[in-house]
Amino acid sequence: MNSVPLSAYLVLALILFCIGLYGALTKRNAVIVLISIELMLNAVNINLVAFSKLGTAPSISGQIFTLFTITVAAVEAAVGLAILMSLYNRRKTVNVDEMDQLKH
Amino acid sequence: MDLLNSYQNNYLIVFVFLCLGILLPVVALFLGKLLRPHKPEEAKYTTYESGIEPFHDSRIQFNVRYYIFALMFVIFDVETVFLYPWAVAYDKLGIFALIEMLIFVIMLAIGLIYAWKKKVLRWM
Amino acid sequence: MNADTLLSYQWGQMAPEFIILGVAALLSLLDLFLPKSYNRRSLAWIALVGILIAVLSLIGLFDSKTASILHDTFRLDSFGKAFKLILLIGAACVIVLAESYDPREGFKKYRGEFYYLFLTGLLGAMVMTSSGDLITLFVGLELLSVSSYILAGMRKKHAGSNEAAIKYVINGGISTAITLFGMSYLYGLTGTTNLMEMKDVMTAQAASGQYMYLYGLAFFMVLVGLSFKLASAPFHMWAPDVYQGSPTPVTAFLSVVSKTAGFVILLRILLTLFLTMPGDESQTFSFLETHSIYISCLAGISIIAGNVIALRQRNIKRMFAYSSIAHAGYILVAISALGYFTFDAVWFYLMAYLLMNLGAFAVIQLITDASNSEDIADFAGLYRRSPLLAAGFAVFILSLAGIPGTAGFIGKLNIFMNALMTDPGHFVLASIMIGGTVISYFYYFGIMTQMFFRPAATTEKIKVPAGIGTVVVIALAGTILFGVAPNTALDFLHHNFGSFNDFLK
Amino acid sequence: MVEDLLASSPGLLNFGIFFLLATVLLLVILGFVTYAILAERKVMGFMQLRQGPNQVGGRWGLLQTVADVLKLLIKEDTIPKAADKPLFILAPVIAFAPAFMVVAVIPFTDKLQFADIGVGLLYYIAISGLSTVGIVAGGWASNNKYALLGGMRAAAQMISYEIPLVMSVLGVILLAGSLNLNDIVDAQSNGWFILKQPIGFIIFLIASIAELNRTPFDLPEAESELVAGFHVEYSGFRWAFFMLSEYVYLFAMASLTTVLFLGGWGPLPFMDFIPGAVWFSLKFSLIVFLLIWVRVTLPRMRADQLMEFGWKVLLPVALANIFLTALLKELVDFM
Amino acid sequence: MNDLLLSILVFSPLLGILVLCMISRSNERAVKWAGILATVPALALSLFLYSSYLGGSDLSAFSIKLDWIRFGNLADVDSKLFAVDYELALDGFALLMVLLTAVLSTLAAIASVSISKEWKGYFMLFLLLETGMLGVFMAQNMVLFFIFFEITLIPAFFLIGKWGYFEKEKAAYSFLIYNGFGSAVLLIVIMVLFARAGTSNIEALSYIINVGGVSLVAPISEGMKYGLLIALLIAFGVKLPIFPLHTWMLRVHVQAPPPIVMLHAGVLLKIGAFGLIRFGLGIFPEQFKDLSVIIAVLGVINLLYGAFLAFIQNEFKMVLAYSSISHMGIVLIGLGALNESGIQGAIFQVVSHGLIAALLFFLVGVIHERVQTTALPNLGGLSHNMPLTSGFLLAGAMASLGLPGMSGFISEFMAFLGLFKTDPLLAGIGALGIIITAVYLLRAVMGMTFGRQGASVRTRLVSDLNALEMVPVLVLLAFIVTIGVYPTILSNPLEDTIQLIMTGIRGQAG
């Protein structure tokens, strides 16, 4: 059993990223959109960790970067949910396409 | 090579445990199916609500408080992501890391105080 | 690492950042522990004093040599100083605006929070200006973004504010993810996150033609992600809604400080990494030159879309959102042209934009607060109600439209020169830019029409609060001074920061 | 022999051997659970001045739990009509599998350990969190108001106490300088961490009781308010798996406490003639007894007290403990 | 002192703005007097300059040059590179234009007493407009030229949009957008030259482009030179206006307040011609020569198009607006001829049409004020009530159609003389326009002054010109006749300029 090649991780990350992007752009429910964004950020994490272990020039900084990415992902999720809650309290909806008061 | 093998073997064991953990309920429930009786009756399949007839859907909106605690959890849990490597490598890092982490945790503490003062931590 | 290395760092280099951080922490504690009945407006003055001290300490650092601390993650070069100055001045003005901000509903309770979140956002932007490392850049960017998300949603009871915030979070999150994905490739190909080391590795690799395709992909993703932050078309969808829904000082913050920070990170990444990197094996053109067409496209589309869509806006903040998209396009022209004047042009334009836009937002804030509506018809007859205010606003608008005698004109001149002096010149881009400017006359002068030609609904005189008055006067003085005697700014720039020669060293 | 096995390249054969060994462990654990329940009932009985089970299987009711299990096995299986069927079936499995998985990394003695993972402690914490998903899923799938409430409470409680739990362990990690459980045990060869980390231990103990959903923190299944909490609608063997996972966790948590704070298999000074396995089981039993004792002694907390205690007391104390530890370590190193 | 004279001349109206700031807005008399008096210093100074120039003194003594903006950090390399100086100077041609501007400004200010609202704002903008116009003619580098050029735009926009007639806002907008477009194109030309040559000084540029031998920041290819010239043609073509770009000008002439139309027709349109001669001929003589036929053709088209359409208008203002287009065609014809008499004719036409148009529009304003209409069917028999007005109107029309002895004749004659030398066929077609001009002007003016009394004239009690209104009319008429009888007062100052242009053209040819 050989170790998994770098490209496999990269492809996985790319697929995850694309799924996340698709979800973030097409889903109506804001919670799902936020989760999709988390998915994209996790794809980044996979990339970073894979590069840091198996990349052309392995180094620890990729893993450190990942720590920061994880934190930022958490912060974004937290802020996003908090804002969503305050929106929900007023509008009683979490659907992105119903948020259209600010048009014209 | 030994090291790699041992590394992989250890995770193989974890995988074995995962399989067993899933297999046991499956097997047990399958065995149970052979043994247990099956006498369906309408009343048996109603939802239990202390004796009265169940009314409207039970899947109510979660109270907002749960989300707030979830947010708090996310924030503090992620901070431990930083604390763990720091603790492991503390011997090598020395006083600088201590001061650095102290600043970091003071920031966190301000966050906690903030939540406290804003009455987020009140379960009411 | 021991205490000696710790002390050997020139911590003074980070003095402005430390001051802002300290004031932000202080304000947050004050806000928490001051009694509820206390009027938190006075916290604005503390924030202002903090910013001014930071400005002073930054001026004290002008003479210090380019240096980097913390393993090259923080480098104080002339680029950093020059743009920090813009950020700080902009922030000081916005704080003063915020002090006078008093909408009818839903802000009072969160006033204290506004000031320190604002400072943390500023801190993020400042960290970005002098980062030498992808990680610090990213952390700075996120500090700014996350603070702005909350700021946008500050008026919790106001539906528009909520909507603006959630849209901002979603779009910001997507853009962050895209940028990061690009960054992860850049890291993976070079094996380091230090910008200078990355540059060396990339130059070496590109010379042998390695990974060009992946570099192209990474470049593209970083560019796309960051252009979300700049609100340049076609990634601008969030900007109008966010600008419209946010509290007015936040809108001013977003359009000035946040946008400046966006350009800072764009310049840092693009110029440091891709400028010296060869575009192909033949090494005739640099990577940035061969790929500048993408930036040019962004610039062109931003200018056209921003100006054209602004034509049909009735909401003043929304109109300024589109106008700010167009202005982002103008600055991108300077970046994509990559001439001798790029830094000068970007710096000067951002400075001019800061002054004229903040001045305009000061007036907008005053009028929209007073009438509780944001329709441009609220400006009708402003000339009657307050001639001086109308004249000031007219100057800001003229400057935004790029009429001579104002800072906006000199800024545009700089950008044009930058775009046309290269060979082959960017004629198409320059023509689009100037065409966009002409289109912009329609809506800018539409506001003028309202102010000067239309009768006012009420003849009630407008009382100008001291804070807004100060900002208007400062912005007015700056706009006219830099328009009539632009060398005051240009000489200052060259005298203190040279030609940004230390950017790549 | 085990070393050779570990050194050989992984394959199907290894899988088979590991599988057999793990099955043995599983049986041991099942045995433990059977008798832990009995022991708990007995201890509770004695503390409350009564007998406890004493009819089935001889004087001490030795076969009482066995009989209970058999009863559950042949009980009719009902899934409420309104329930979300797939999730309802899946929930006990999700709850149980992680409980068993965490046992993989616990070192019982220096020889008797299954997986020796570098980040063993992290693994334990990460996997143990997954059970919450099972419990919430169970509560949600039942489509029952009590169950949903219980599930939500379980989630809130678990995430609230996860933080102090994780933070309290940091002191141990600081002292040991590793996340590997073996290293942590080794680091205790000249002084158990319960002595060096008394505050950490207390926080850990409290948080672990909360994580185990045991009295005084058994709000998710509070009989008097929520009937049975998240597993109201469960019966028969599905219900048994929730119970099973709870007791497996008891097993795992007691083992972990032993490893982290009581020196694992390490003997008391001058008594190393007694084998490590015995030491381990002694300490382990002590912890289990302690947990039972707590259950009998203390009343259930109110929901709001529970949450506020976690955030306002445990978390700040845990944070302070970390820095106290780091500071002491720094000072001691200097001196 | 001498070198400050031009600056004082340009910025003296701004002084008036300061004075106006201090006067209360309700004090109508004081505001109007201050506004009129503020235009006097410029007039006095320009008359002084003119007389001393005719007296033989050298205009270069008055030029001024100060460091102003320097782009880039290149002081160590070359202090002149990418520098924009504040430099004002005059030559004969510019002096004429300045004088024309000063005279028309004062007269328009006098005509502005009929303004009925917001006098303070009106005069402030009016004076700002005057500063811009004066500056345009004196600027010695293209950036400065552009700045003054744009400064005229803003006050004109407000003056049209606020004090004009019924459709004033629409007119103001189309003025703004067309001219904005024009100046945008101009800006591109300026910036290309500036960015590539590193200087925007007109003399330096014409040296660099035509003689060369200077290393440029980036090369300017031959093709690019043609592109730049065509861009210039478009930019100034909007201003002038040249045929397809003229529609805005009609609106402005109809909707703007009369004094502003005086200035607009008298000076602002001429900036186009001035710029075309200064930059087109000055910097790109060789390319201009290659395009001269096109310019001449455009001139003929303008002439005929304007004339034909003026013929069918029912609104006197529209007749005059189209006649302006038609007359600007003559300027183009003169330029297209590209010989001495042609260019002289063009410049003569610039000045003379400035005076004539001002006169006619002033009279139109007077009539409109009294009769509230300028539609031809409603007018008629004005001579009965307003004999003086009718007489002057007739005189103006005569000057306009080129009656010998008046200024219009000289300019048209010389322009056509020039074109007959180079392209007789085109000139022949163009001459047709002259005839039509006579027809439409006489049709309109005769219909107004004599003929059956129109409804509007009958129903209103209309009075003739008053004393104050006589001033502009007489002054303008005096100038018109003087030039017509004694053209040397124009041709003398122009000699140097025309010689310079001719050497530019010939120098390249040879």
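Letters go in sequence order (proteins before strands), and every chain restarts at 1.
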**Report entry** Partner chain A: residue of B:Asp77, B:Val74, B:Val81, B:Val78 with the largest heavy-atom pair count (under 4.5 Å)
**Finding:** B:Val78

Query raised in the report: Distance from A:Thr71 atom OG1 to B:Ile75 atom CD1, nearest 0.5 Å?
Result: 11.5 Å

Query raised in the report: Side chain, backbone, both or neither: which part of A:Ala73 has a non-hydrogen atom closer than 4.5 Å to chain B?
Result: neither

Query raised in the report: Looking only at heavy atoms, which two atoms of B:Phe82 and A:Leu67 are closest? And how far apart?
Result: CZ-O, 3.9 Å

